[in-house]
Amino acid sequence: QKEVEQNSGPLSVPEGAIASLNCTYSDRGSQSFFWYRQYSGKSPELIMFIYSNGDKEDGRFTAQLNKASQYVSLLIRDSQPSDSATYLCAVNEGSTGGFKTIFGAGTRLFVKA
Amino acid sequence: DAGVTQSPTHLIKTRGQQVTLRCSPKSGHDTVSWYQQALGQGPQFIFQYYEEEERQRGNFPDRFSGHQFPNYSSELNVNALLLGDSALYLCATKDTQKNGYTFGSGTRLTVV
(Lines give C-alpha, C1' and ligand atoms only; values in the text may rest on other atoms or scores of the structure.)
Protein backbone atom coordinates (compact mmCIF):
# COMPACT_ATOMS: atom_id res chain seq x y z
CA GLN A 1 0.00 0.00 0.00
CA LYS A 2 1.46 3.30 -1.11
CA GLU A 3 1.45 6.03 1.53
CA VAL A 4 0.70 9.72 1.85
CA GLU A 5 2.04 11.32 5.02
CA GLN A 6 0.93 14.55 6.65
CA ASN A 7 1.58 16.15 9.99
CA SER A 8 -1.72 15.80 11.87
CA GLY A 9 -1.29 19.15 13.60
CA PRO A 10 -3.04 21.08 14.81
CA LEU A 11 -1.32 23.95 13.03
CA SER A 12 -2.28 27.26 14.59
CA VAL A 13 -1.64 30.57 12.81
CA PRO A 14 -2.87 34.12 13.49
CA GLU A 15 -5.29 35.78 11.12
CA GLY A 16 -3.48 37.33 8.16
CA ALA A 17 -0.46 35.02 8.39
CA ILE A 18 0.71 32.43 5.88
CA ALA A 19 -0.23 28.84 6.68
CA SER A 20 2.12 26.18 5.30
CA LEU A 21 0.90 22.60 4.98
CA ASN A 22 3.16 19.78 3.91
CA CYS A 23 2.77 16.29 2.49
CA THR A 24 5.11 13.50 1.36
CA TYR A 25 4.21 10.49 -0.76
CA SER A 26 5.86 7.15 -1.41
CA ASP A 27 4.83 6.25 -4.98
CA ARG A 28 7.40 7.69 -7.41
CA GLY A 29 5.05 6.91 -10.28
CA SER A 30 2.40 9.33 -9.06
CA GLN A 31 1.52 12.08 -11.51
CA SER A 32 -1.43 13.98 -10.04
CA PHE A 33 -1.65 15.64 -6.65
CA PHE A 34 -4.55 17.27 -4.88
CA TRP A 35 -5.46 19.31 -1.84
CA TYR A 36 -8.90 18.97 -0.32
CA ARG A 37 -10.42 20.97 2.51
CA GLN A 38 -12.76 19.28 4.97
CA TYR A 39 -14.75 21.26 7.50
CA SER A 40 -15.82 19.41 10.64
CA GLY A 41 -18.81 17.20 9.91
CA LYS A 42 -18.66 17.89 6.17
CA SER A 43 -17.27 16.06 3.15
CA PRO A 44 -13.97 16.94 1.43
CA GLU A 45 -13.92 19.74 -1.12
CA LEU A 46 -11.28 20.02 -3.86
CA ILE A 47 -9.33 23.28 -3.62
CA MET A 48 -6.19 22.68 -5.71
CA PHE A 49 -4.59 20.15 -8.03
CA ILE A 50 -1.10 20.12 -9.50
CA TYR A 51 0.84 17.76 -11.75
CA SER A 52 3.92 19.72 -12.83
CA ASN A 53 6.95 20.50 -10.72
CA GLY A 54 6.90 24.02 -9.36
CA ASP A 55 4.19 26.31 -8.08
CA LYS A 56 0.55 26.72 -9.00
CA GLU A 57 -1.38 29.69 -7.66
CA ASP A 58 -5.13 30.16 -7.31
CA GLY A 59 -6.21 33.17 -5.32
CA ARG A 60 -4.84 32.93 -1.79
CA PHE A 61 -3.73 29.31 -2.35
CA THR A 62 -0.41 28.13 -3.79
CA ALA A 63 0.38 24.47 -4.34
CA GLN A 64 4.02 23.45 -4.65
CA LEU A 65 5.27 20.16 -6.09
CA ASN A 66 8.72 18.62 -6.01
CA LYS A 67 8.62 15.16 -7.57
CA ALA A 68 12.31 14.48 -6.96
CA SER A 69 11.76 14.94 -3.22
CA GLN A 70 8.25 13.41 -3.38
CA TYR A 71 6.90 16.46 -1.61
CA VAL A 72 3.75 18.53 -2.02
CA SER A 73 2.85 21.62 -0.07
CA LEU A 74 -0.02 24.09 0.21
CA LEU A 75 0.44 27.71 1.20
CA ILE A 76 -2.53 29.78 2.32
CA ARG A 77 -1.82 33.51 2.28
CA ASP A 78 -3.72 36.03 4.39
CA SER A 79 -5.26 33.21 6.45
CA GLN A 80 -8.81 33.79 7.64
CA PRO A 81 -10.75 32.15 10.50
CA SER A 82 -12.95 30.61 7.81
CA ASP A 83 -9.88 28.67 6.60
CA SER A 84 -9.95 26.66 9.84
CA ALA A 85 -10.48 23.09 8.66
CA THR A 86 -8.66 19.83 8.01
CA TYR A 87 -6.59 19.85 4.83
CA LEU A 88 -6.20 16.52 3.06
CA CYS A 89 -3.37 15.80 0.67
CA ALA A 90 -4.27 13.25 -2.02
CA VAL A 91 -2.20 11.48 -4.66
CA ASN A 92 -3.17 9.42 -7.70
CA GLU A 93 -1.29 6.14 -7.32
CA GLY A 94 0.73 5.93 -10.53
CA SER A 95 1.79 2.30 -10.18
CA THR A 96 -1.84 1.13 -10.55
CA GLY A 97 -2.71 3.21 -13.59
CA GLY A 98 -3.65 6.35 -11.71
CA PHE A 99 -7.18 5.19 -10.91
CA LYS A 100 -6.71 5.03 -7.15
CA THR A 101 -6.52 8.30 -5.24
CA ILE A 102 -4.89 7.88 -1.84
CA PHE A 103 -5.48 10.40 0.92
CA GLY A 104 -3.33 11.40 3.83
CA ALA A 105 -4.82 11.59 7.32
CA GLY A 106 -5.03 15.38 7.07
CA THR A 107 -3.61 18.39 8.89
CA ARG A 108 -5.92 20.38 11.14
CA LEU A 109 -5.51 24.13 10.71
CA PHE A 110 -6.72 26.73 13.21
CA VAL A 111 -6.66 30.38 12.25
CA LYS A 112 -6.93 32.61 15.31
CA ALA A 113 -8.83 35.89 14.97
CA ASP B 1 -26.92 21.39 -11.41
CA ALA B 2 -27.25 18.77 -8.70
CA GLY B 3 -24.08 17.67 -7.03
CA VAL B 4 -23.32 14.18 -5.76
CA THR B 5 -26.27 12.71 -3.88
CA GLN B 6 -25.91 9.95 -1.30
CA SER B 7 -28.58 8.05 0.59
CA PRO B 8 -29.33 7.44 3.32
CA THR B 9 -27.58 10.12 5.38
CA HIS B 10 -27.53 8.06 8.56
CA LEU B 11 -27.97 4.36 9.22
CA ILE B 12 -27.84 2.11 12.27
CA LYS B 13 -27.35 -1.62 11.73
CA THR B 14 -26.70 -4.65 13.91
CA ARG B 15 -23.60 -6.82 13.65
CA GLY B 16 -23.99 -9.48 10.99
CA GLN B 17 -26.54 -7.56 8.97
CA GLN B 18 -26.12 -6.32 5.40
CA VAL B 19 -26.33 -2.75 4.18
CA THR B 20 -26.67 -1.00 0.81
CA LEU B 21 -25.59 2.59 0.30
CA ARG B 22 -26.48 4.59 -2.81
CA CYS B 23 -24.84 7.34 -4.82
CA SER B 24 -26.01 9.48 -7.72
CA PRO B 25 -23.11 11.26 -9.42
CA LYS B 26 -22.89 14.86 -10.46
CA SER B 27 -24.16 15.53 -13.98
CA GLY B 28 -21.46 14.68 -16.52
CA HIS B 29 -19.52 12.44 -14.15
CA ASP B 30 -19.05 8.84 -15.23
CA THR B 31 -16.55 7.56 -12.64
CA VAL B 32 -17.55 6.68 -9.09
CA SER B 33 -15.23 5.89 -6.20
CA TRP B 34 -16.22 4.86 -2.71
CA TYR B 35 -14.27 5.77 0.40
CA GLN B 36 -14.50 4.86 4.07
CA GLN B 37 -13.55 7.58 6.54
CA ALA B 38 -13.11 6.73 10.21
CA LEU B 39 -13.14 9.55 12.76
CA GLY B 40 -9.91 11.54 12.65
CA GLN B 41 -8.60 9.68 9.61
CA GLY B 42 -8.35 10.41 5.93
CA PRO B 43 -10.67 8.70 3.45
CA GLN B 44 -9.64 5.11 2.65
CA PHE B 45 -10.17 3.94 -0.93
CA ILE B 46 -12.61 1.03 -1.24
CA PHE B 47 -13.05 0.76 -5.03
CA GLN B 48 -13.73 2.65 -8.24
CA TYR B 49 -16.35 1.98 -10.91
CA TYR B 50 -16.25 3.05 -14.52
CA GLU B 51 -18.39 1.76 -17.41
CA GLU B 52 -20.25 -0.47 -14.94
CA GLU B 53 -17.10 -2.36 -13.98
CA GLU B 54 -14.85 -2.30 -10.94
CA ARG B 55 -11.67 -0.69 -12.24
CA GLN B 56 -9.57 -0.61 -9.09
CA ARG B 57 -9.91 -1.92 -5.55
CA GLY B 58 -8.35 -0.97 -2.24
CA ASN B 59 -7.47 -3.22 0.70
CA PHE B 60 -10.99 -4.10 1.74
CA PRO B 61 -12.37 -7.63 2.18
CA ASP B 62 -14.83 -9.24 -0.21
CA ARG B 63 -17.63 -8.33 2.20
CA PHE B 64 -17.48 -4.98 0.45
CA SER B 65 -18.96 -5.08 -3.03
CA GLY B 66 -20.41 -2.60 -5.42
CA HIS B 67 -22.24 -1.96 -8.60
CA GLN B 68 -22.55 0.80 -11.17
CA PHE B 69 -25.67 1.23 -13.27
CA PRO B 70 -25.97 2.47 -16.88
CA ASN B 71 -26.95 5.94 -15.60
CA TYR B 72 -23.61 6.00 -13.69
CA SER B 73 -25.25 5.76 -10.27
CA SER B 74 -23.68 3.30 -7.89
CA GLU B 75 -24.30 1.15 -4.86
CA LEU B 76 -21.97 -0.02 -2.10
CA ASN B 77 -22.95 -3.24 -0.35
CA VAL B 78 -21.42 -4.47 2.88
CA ASN B 79 -22.24 -7.96 4.16
CA ALA B 80 -21.77 -9.46 7.61
CA LEU B 81 -21.30 -6.09 9.25
CA LEU B 82 -18.68 -5.73 11.96
CA LEU B 83 -18.44 -3.07 14.66
CA GLY B 84 -15.31 -1.82 12.88
CA ASP B 85 -17.34 -1.00 9.78
CA SER B 86 -18.81 1.98 11.62
CA ALA B 87 -17.63 5.02 9.67
CA LEU B 88 -18.58 7.75 7.22
CA TYR B 89 -18.91 6.31 3.71
CA LEU B 90 -18.18 8.81 0.99
CA CYS B 91 -19.03 8.62 -2.67
CA ALA B 92 -16.73 10.62 -4.94
CA THR B 93 -17.43 11.16 -8.62
CA LYS B 94 -15.55 12.66 -11.56
CA ASP B 95 -15.40 12.97 -15.29
CA THR B 96 -12.86 10.30 -16.19
CA GLN B 97 -11.08 12.78 -18.50
CA LYS B 98 -10.55 15.30 -15.74
CA ASN B 99 -8.82 15.50 -12.40
CA GLY B 100 -10.26 15.80 -8.94
CA TYR B 101 -13.33 14.36 -7.28
CA THR B 102 -16.60 15.87 -6.16
CA PHE B 103 -17.71 14.26 -2.92
CA GLY B 104 -21.18 13.55 -1.70
CA SER B 105 -22.18 14.47 1.83
CA GLY B 106 -21.70 10.88 2.95
CA THR B 107 -23.59 8.16 4.77
CA ARG B 108 -22.85 7.79 8.48
CA LEU B 109 -23.06 4.06 9.28
CA THR B 110 -23.17 2.90 12.86
CA VAL B 111 -22.93 -0.83 13.61
CA VAL B 112 -24.11 -1.87 17.08
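All chains are named by letter (A, B, ...) in the order of the sequence lines, taking the proteins before the strands, and each is independently numbered beginning at 1. Keep in mind the model is a prediction, meaning the values are calculated, not measured.
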Structural part of B:F45 lying under 4.5 Å from a heavy atom of chain A: side chain
Toward chain A, the part of B:Y35 with a non-hydrogen atom under 4.5 Å: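 Interface part for B:Y35: side chain.
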Heavy-atom pair count under 4.5 Å with chain B, highest-scoring of A:T86, A:T101, A:L88: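 Among the listed options, the one with the most contacts to chain B is A:T101.
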Max heavy-atom pair count under 4.5 Å with chain B, selected residue of A:G104, A:P44, A:G41, A:S32: A:P44
Gap between atom OG of A:S43 and atom CD of A:Q38 - 0.5 Å precision: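 That separation rounds to 7.0 Å.
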Sidechain N-carboxylate O distance under 4.0 Å for A:D83, A:R60: yes
Pick from B:L90, B:N99, B:T31 with the largest number of heavy-atom pairs that fall under 4.5 Å of chain A: B:N99
Lys NZ or Arg CZ of B:R55 over A:F99 ring: under 6.0 Å, within 45°: yes
B:F47 six-ring face occupied by B:R57 cation (under 6.0 Å, within 45°):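 Geometry flag: not set, cation outside 6.0 Å or 45°.
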Aromatic ring proximity A:Y51/A:F49, centre distance under 6.0 Å: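 When the ring centroids of A:Y51 and A:F49 are compared, they turn out to be within the sub-6.0 Å range.
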Portion of A:S8 that has a non-hydrogen atom of chain B nearer than 4.5 angstrom: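 No part of A:S8 comes within 4.5 Å of chain B.
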Part of A:E45 lying under 4.5 Å from any heavy atom of chain B: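 Neither part.
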Check: B:T20/B:N77 side-chain N/O donor and acceptor closer than 3.5 Å: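 The criterion, which ignores hydrogens and geometry beyond distance, is satisfied for B:N77 and B:T20.
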